[in-house]
Protein chains: 2
Amino acid sequence: MDGLTAPVTVDDHHGCPATAVLRRVGDKWSPVLLSLLARGGYGFNELDRSVEGLSRRMLIRTLRSLERDGLVSRTVHAGVPPRSEYALTDLGRSLREQLNALGRWAVTHEAELTAARRRYAEHT
Amino acid sequence: MDGLTAPVTVDDHHGCPATAVLRRVGDKWSPVLLSLLARGGYGFNELDRSVEGLSRRMLIRTLRSLERDGLVSRTVHAGVPPRSEYALTDLGRSLREQLNALGRWAVTHEAELTAARRRYAEHT
DNA sequence: CCGAATCCAGGCGGATACTG
DNA sequence: CAGTATCCGCCTGGATTCGG
């Protein structure tokens with residue numbers, strides 16, 4: 001019926017408080033869009049063109065779910081042609097900072113991860 | 001043929017360095033297991049019994065993928081009965097700290113997220 | 001230009017049964 | 001006890017098409 005409902009649902013924590021956030025932004029495009037929107041407001045097609053490999057459907061889907069959780073705001077400028085502006089909310093910016101920290105961890109330990117993978121692949 | 005290959009794969013970054021980590025630990029059980037193993041070494045059945053709702057298959061699958069990336073170590077004690085011990089590596093502990101930070105963010109802003117959801121659901 | 005609906009493949013994740 | 005293999009449902013995510 002829909003085809004556009006939120007891709008991400010948050011359920012049980014199982015004693016790990018980070019689980020909710022991880023599953024919230026652990027989908028394919030949320031972190032990319034948060035990263036992009038952190039650089040200022042964006043129009044729809046701007047986003048569409050900026051991210052290669054991102055289909056229009058998943059763009060809307062992801063934006064909606066981010067908007068739903070108050071991480072992204074959408075302001076519609078009616079007129080011809082119509083234009084929608086997307087931007088991070090304060091909450092979104094605050095989350096984005098956490099993701100930045102994670103990003104720093106990633107680049108710092110990237111080599112160790114790939115090294116571990118090679119080891120694992122070689123041993124068996 | 002397999003049924004046990006790694007559940008998580010890390011691909012493109014798309015300009016967001018956090019993406020890799022998020023998709024690495026954004027699956028259902030990785031954060032839970034990391035959180036659990038942070039409290040010390042664990043045997044297989046201990047883990048199996050500790051986490052409710054976690055099937056044996058997904059337990060092994062997730063442990064293997066964590067081991068593959070050097071986040072978790074497995075030491076097999078042959079004998080009768082056989083026993084496998086799982087623990088965090090240094091890399092795993094370092095990642096776990098980052099997830100703790102995310103967890104703190106989660107509990108701090110939990111209310112804002114649910115409030116935003118209510119607003120969104122009510123408006124349409 | 002922005003968005004929604006439909007259709008469809010692939011992967012995650014669960015249930016179950018079988019080995020050393 | 002610690003896995004492994006098989007079958008299967010569901011959900012994420014991509015391609016395409018249609019509407020305002």
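Letters go in sequence order (proteins before strands), and every chain restarts at 1.
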Please report the distance, rounded to the nearest Å, between CG in A/Leu59 and C1' in C/dC1. 13 Å
Which heavy atom in A/Leu34 sits nearest to a heavy atom in A/Arg96, and how many Å separate them? O-CD, 3.9 Å
Roughly, in whole Å, what's the span from CD in A/Glu67 to C1' in C/dC2? 13 Å
Check the distance between C/dG3's P and A/Met58's CE and give it to me in whole angstrom. 15 Å
Closest non-hydrogen atom pair between A/Thr89 and A/Gly70, with its separation: OG1-O, 2.6 Å
Please collect all ring pair (Phe, Tyr, Trp, His ring centres under 6.0 Å) contacts where either partner lies in residues 61-106 of chain B, sequence neighbours excluded, each pair once. B/Trp105-B/His109
Rounded to whole angstrom units, what separation is found between the CD1 atom of A/Ile60 and the P atom of C/dC1? 13 Å
Identify the heavy atoms of B/Gly41 and B/Ala87 that sit nearest to each other, and give their distance. CA-CB, 4.3 Å
Taken to the nearest 0.5 Å, the spacing of A/Asp27 CG from B/Leu22 CG works out to 9.0 Å
4.5 Å side-chain heavy-atom contact, A/Leu71 and A/Leu88: no
Could you list all the salt bridge (charged side-chain N to carboxylate O under 4.0 Å, His left out) pairs where at least one residue sits in residues 72-92 of chain A, not counting sequence neighbours? A/Glu46-A/Arg83, A/Glu67-A/Arg74, A/Arg83-A/Glu85, A/Asp90-A/Arg93
Roughly how far, to the nearest 0.5 Å, is the CG atom of A/Asp69 from the CZ atom of B/Arg119? 11.0 Å
Looking only at non-hydrogen atoms, find the nearest pair between B/Cys16 and A/Val32 and report the distance. CB-CA, 4.1 Å
Grab the OH-P distance between A/Tyr42 and C/dC1 for me, whole Å please. 17 Å
Which of residues 75-88 of chain A sit near DNA chain D, with a heavy atom under 4.0 Å from it? none
At a heavy-atom distance below 4.0 Å, what parts of residues 45-56 of chain B sit against DNA chain D? B/Asn45, B/Arg56
Which angle, to the nearest 10 degrees, lies between the helix axes at the two ends of the helix from C/dC1-D/dG20 to C/dG20-D/dC1, each defined by five pairs? 30°
In whole Å, what is the span from the CZ atom of A/Phe44 to the P atom of D/dG20? 18 Å
Candidate pair A/Leu113 and B/Leu91, rule side-chain contact (heavy atoms from CB on, under 4.5 Å), full reasoning: CA-CA 9 Å; A/Leu113 283 170; B/Leu91 189 61; 4.0 Å; yes
In whole Å, what is the span from the CZ atom of A/Arg57 to the C1' atom of C/dC2? 16 Å
note: A/Leu63, atom CG; C/dG3, atom P; distance rounded to Å ~ 8 Å
According to a strict under-4.0 Å criterion, is B/Arg61 in side-chain N/O contact with OP1 or OP2 of C/dC12? yes
Output all residues satisfying salt bridge (Lys or Arg N to Asp or Glu O under 4.0 Å) with B/Glu97, sequence neighbours left out; order by chain, then residue number. none
